[in-house]
Amino acid sequence: MKKLLLAEDDRNFADALTLILKSQKYEVEHVRDGKQALDILEKSNFDLILLDIMMPLVDGITVCKQIRSEGNTTPVLFLTARDQTEQKIEGLVAGGDDYITKPFDTQELLARIHGIFRRNSWLTAERSLSAEYNFAGCTINFKTFEAAGPSGIFKLSRKECMVVKYLVEHGGEVVSRDDLLDAIWGYHNYPTSRTVDNFILKLRKIFENDPNKPVLFETVRGVGYRFVPPQNN
Amino acid sequence: MPLQLKPRATFLVFNFMVIFLIANVIWWFILMERVIDEKIEISQELGASPDVIERIYEQESSRRRMVILEGIVFFLFLLAGLWMIYRTLVKQRELRQQQENFMMAITHELKTPLASINLYVDSLLTPEIAEEEKQNILPKIKHDLYRLKRQVENVLEVARHHGLTERSSYESFDLSRLLDQRFDALKKFYANANYSLKKDIEESVRIFGDRRSIGKAIDLILENSLVHNEGRDIEITVELSLSNNIISLNIGDNGCGVDKTELSSIFDQFYRAGPELTRPSYGTGLGLYIAKEIINSHDGTISVISDGLSKGIMFTVKLKRGKEH
């Protein structure tokens, strides 16, 4: 049974959501503020965190940033009333995996949760690639999210790992920004394809010898990106 | 891009102007001193008598004083203008921030109960949920609907701000009885709240006013105590008395209180204490503002005291009995 943490200050809303999630065979733990969320995340592991943004003591964005900085890679789904594009970006940049605005359709929420678990299992599955992948003197581990390149060792976010894995799985092929958005973020209404560009820029800084002259993660002008597998790999 | 004046930039210009003014006065003083010296020197060379030189010195000194004074007055006006622009910009920024906070709060306050009702209705339609659990759902939906209704009413109340003072709806009514009715309503909708009520209410205190509005003001003040003390055990104190045709209504609690620095803003529109994202209680910053507007429209006053955080709060409403008593 998957274990979910629900951090939400509104008692009625939290009760309603807990009822629905339990009927779908999820185990749900509920906390009412950001501090309680941080405390429980220190002690227990969860398969998914459902995080409200406007919460007493510590807001959801700060909770997400803090757990990410501590190396916690549990997927985060923001549940919030704020629906402006900048706010969605803020949540995703903080390390959130998905975002749903209140009031939402119950089936849509359940589909998003399934989507997160599906993408997560794809990331950690070892069908086409083993957990650790080596290329051109670089290493990436799709389970621990650790990466090593010419500029050092880094801890990647789940999304960054997913982008690498998707590009590597499609090595040599041109992958459009829309394909990446669909595969990694899982839905079409993600704010902007510019976000993909920012992810690629960060990956180049980690893996390329000269990020300004990329040879591994190439830009295909007007279309998207291509991972060029090294000859000796 | 249009030129945008920012408070910080204006403040920097203001500081620059002050320094410029001081430097200018010093510079003019030195310059005029030199001009006077030169004139006296030329007069001496031309063989002017000491009386004439004295007169020239006095005339030039007086001119110097006049020029410097005019300069100072001009710059003071300029500084006053800049200071006023700066204050206006700061005020505008505060207002914009309050409005943004209000938008965030009202979005949260309207959407969360809606989302909750939506989930409860879906729960009722879910066969996997046991019947006994479904029995508890309807009162929760009712609570959310009440919360939604209150928020919509508050927003509409502010929107038709002037409607609050319509004298045509004024009537003579028993305020003591109205208070009891509001306590009953409060008990009904905050059934889960942990509070006790300590009442000291003089019987049959009548007032001439708008019964609905005054009832709403009482609700808003009482709800303020419950909303900000959710999860705590509190005692709400209500006292009503009549003396010399002035009605005194005190409503307070021994709960979380308010920081003394925030007391003066508590009745401002959209004002909510602390940062919006991590506020421990729900609300939109409209409740006490509406309460104050209602009391003021009845030619009454409302004031608040609190000894600080965790030290409770006390609202004092003073109302005239009205012309028919």
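Residue numbering restarts at 1 for every chain, and letters A, B, ... go by the order of the sequence lines.
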Surrounding [atom1] of [X] (heavy atoms of other residues, nucleotides or ligands, distance under 6.0 Å), is the total greater than 12?
{"X": "A:K3", "atom1": "NZ", "answer": "yes"}
{"X": "B:L125", "atom1": "CG", "answer": "yes"}
{"X": "B:K311", "atom1": "NZ", "answer": "no"}

Sort out for me which of B:D122, B:L114, B:I141 touches chain A most, counting heavy-atom pairs under 4.5 Å.
->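 The candidate making the most pairs under 4.5 Å is B:D122.
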
Using a cut-off of under 4.5 Å on heavy-atom pairs, state which of B:I129, B:T107, B:N136 scores highest against chain A.
-> B:I129

Determine, stepwise, if the pair B:R147 / A:D10 fulfils side chain to side chain contact (heavy atoms under 4.5 Å, CB included).
-> CA-CA 12 Å; B:R147 201 172 133 192; A:D10 191 277; 2.4 Å; yes

Run the side-chain hydrogen bond (donor to acceptor under 3.5 Å, both in side chains) test against [X] and tell me which residues pass, sequence neighbours left out.
{"X": "A:N72", "answer": "A:T74"}
{"X": "A:T80", "answer": "none"}
{"X": "A:S157", "answer": "A:E160"}

For A:D52, is it the side chain, the backbone, both or neither that has a heavy atom under 4.5 Å from a heavy atom of chain B?
-> side chain

Heavy-atom distances under 4.5 Å only: say whether B:T126 touches chain A with side chain, backbone, both or neither.
->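 It is the side chain, since no backbone atom gets that close.
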
Under 4.5 Å from any heavy atom of chain A - which part of B:I137 = side chain

Please report the closest heavy-atom contact between B:K140 and A:N12, naming both atoms and the distance.
->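 Minimum heavy-atom separation between B:K140 and A:N12: O-ND2, 3.1 Å.
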
What heavy-atom pair brings B:A115 and A:K102 nearest, and what distance separates the two atoms?
->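 Of all heavy-atom pairs spanning B:A115 and A:K102, the closest is CB-CB, 3.8 Å.
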
Would B:D144 and A:F13 count as a side chain to side chain contact (heavy atoms under 4.5 Å, CB included) if you check the C-alpha gap in whole Å, the side-chain angles of each, and the deciding distance to 0.1 Å?
-> CA-CA 9 Å; B:D144 278 328; A:F13 175 76; over 6 Å; no

Where along residues 16-44 of chain A does a heavy atom come under 4.5 Å of chain B, listed by residue number?
->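 When heavy atoms of chain B are the reference, residues 16-44 of chain A contributes A:A16, A:L17, A:L19, A:I20, A:S23, A:R32 within the under-4.5 Å range.
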
Return yes if some donor-acceptor pair links the side-chain N/O of B:N118 with the main-chain N/O of A:F104 below 3.5 Å, else return no.
->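 Between the backbone of A:F104 and the side chain of B:N118 there is a qualifying donor-acceptor contact (under 3.5 Å).
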
